[in-house]
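First comes the structure, then the notes that go with it.
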Amino acid sequence: VEKSIKHGSILSVVAAENQRGVFGKQFGSVEKFASSLKRVSTTVVRAPFFLENLWGDAGTVKSHDTFYAPIDGDTKQLMAAVADVGDAVAAAAMNAEKFAGKIVHVIGANVSKNEIAALYSKKLGRDIKLVQASEEAATKAFEPYGMPAWQVKGVIELFGINETDAFVKAHENEFEELVKRKPMSVAT
C-alpha cells in the first residue's frame, strides 16, 4: 500500500493530544503509526464533539424544557459540525504540499452547556435548563443505543477532557487556514 499512496488524511480526536482517555489513546496510536510510514505523508484532522450531538437533547427539551449532561454547566467544550470535519479531511487530502505532517484542529465553538441552554431558550422563546447528570445516569442513557460498554465509558470520559482557553486560541484558526472559510458555529 505504501508504494502507491503518497499522502493521506487521518481523522482523529482532540483528546489524542497527550493520548487522554480511551479514545485519545486509540487515536493517538493511529496518529503515531501514520507518522511512521516512510513513503506516505499525512495530515491529521482532530475533531471534538459534534454539534449534531445536540439533537440528542430534543426529546427532553420538548417534553420538559430540560436537557442533561454529565458535566458542570459552566465547563466549556469544543464542538464542530460533522460537515466541517468532512471538509477538513477532504481539504487535507488534497493539499499535501502545505499540510503534510501537520495537525489541524477543527474548532467550531468552545461553549458551555449553560451557554447552549441560553441559545435553546432564545431560539425556542422559553426557558430551557441544563441538569447535570451523574456518570451513572449518563451511562444508563446510552443503553438504548446499543453501544458497547467501553465505548460509552469513552464518551462519558470525553466530557471531562476539555481544553484551556490558551489551547483554543492557539488552534482556532487552523480550520479556516485549511478550508478557506470559517467553521459553522453553535448559533448557525
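All values derive from a computational prediction rather than experimental measurement. For the single chain, residues carry numbers from 1 onward in sequence order.
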From CA spacing to verdict: side-chain contact (heavy atoms from CB on, under 4.5 Å), I116, V111: CA-CA 7 Å; I116 290 171; V111 63; 4.0 Å; yes
Euclidean distance, R46 CZ relative to E17 CD, rounded to 0.5 Å: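 If I round to the nearest 0.5 Å, the distance is 4.5 Å.
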Value rounded to 0.5 Å, distance of CD1 in I107 from CG in D84: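 The CD1 atom of I107 sits 12.0 Å away from the CG atom of D84.
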Heavy-atom donor-acceptor pair, [X] side chain to [Y] backbone, under 3.5 Å:
X    : Y    : value
E115 : S112 : yes
S9   : T43  : no
H7   : S41  : yes

Side-chain donor/acceptor pairs under 3.5 Å, residues 85-92, sequence neighbours excluded:
residue : atom : partner : partner atom : Å
D87     : OD2  : R181    : NH2          : 2.6

Quick one: are [X] and [Y] in side-chain contact, heavy atoms under 4.5 Å?
X    : Y    : answer
I128 : T66  : no
D65  : Y120 : no
V131 : K113 : no

Non-neighbouring partners of E172 that pass side-chain contact (heavy atoms from CB on, under 4.5 Å), sequence neighbours left out: V168, K169
Pair K98 + E177: basic N to acidic O under 4.0 Å: yes
Give the minimum heavy-atom separation between [X] and [Y], together with the two atoms involved.
X    : Y    : answer
L51  : A81  : CD1-N, 3.7 Å
P48  : V14  : N-CG2, 3.8 Å
F27  : S12  : CB-OG, 3.3 Å
Q19  : K25  : O-CG, 3.4 Å
V13  : E31  : O-OE2, 4.5 Å
V155 : M147 : CG2-CE, 3.8 Å

Name each donor-acceptor pair under 3.5 Å that joins a side chain in residues 67-79 to protein atoms two or more places apart or in another chain, with its distance.
residue : atom : partner : partner atom : Å
Y68     : OH   : H64     : NE2          : 3.0
D72     : OD2  : D74     : N            : 2.9
D74     : OD1  : N114    : ND2          : 2.7

Any pair counted as ring pair (Phe, Tyr, Trp, His ring centres under 6.0 Å), so long as it reaches residues 44-63, sequence neighbours left out: F49-F159
Pairs meeting criterion side chain to side chain donor-acceptor pair (under 3.5 Å) with involvement of residues 138-165, two or more places apart: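 Pairs touching residues 138-165 that pass the test: R20-E163.
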Set of residues satisfying side chain to side chain donor-acceptor pair (under 3.5 Å) with respect to T42, sequence neighbours excluded: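 Side chain to side chain donor-acceptor pair (under 3.5 Å) list for T42, sorted by chain: empty.
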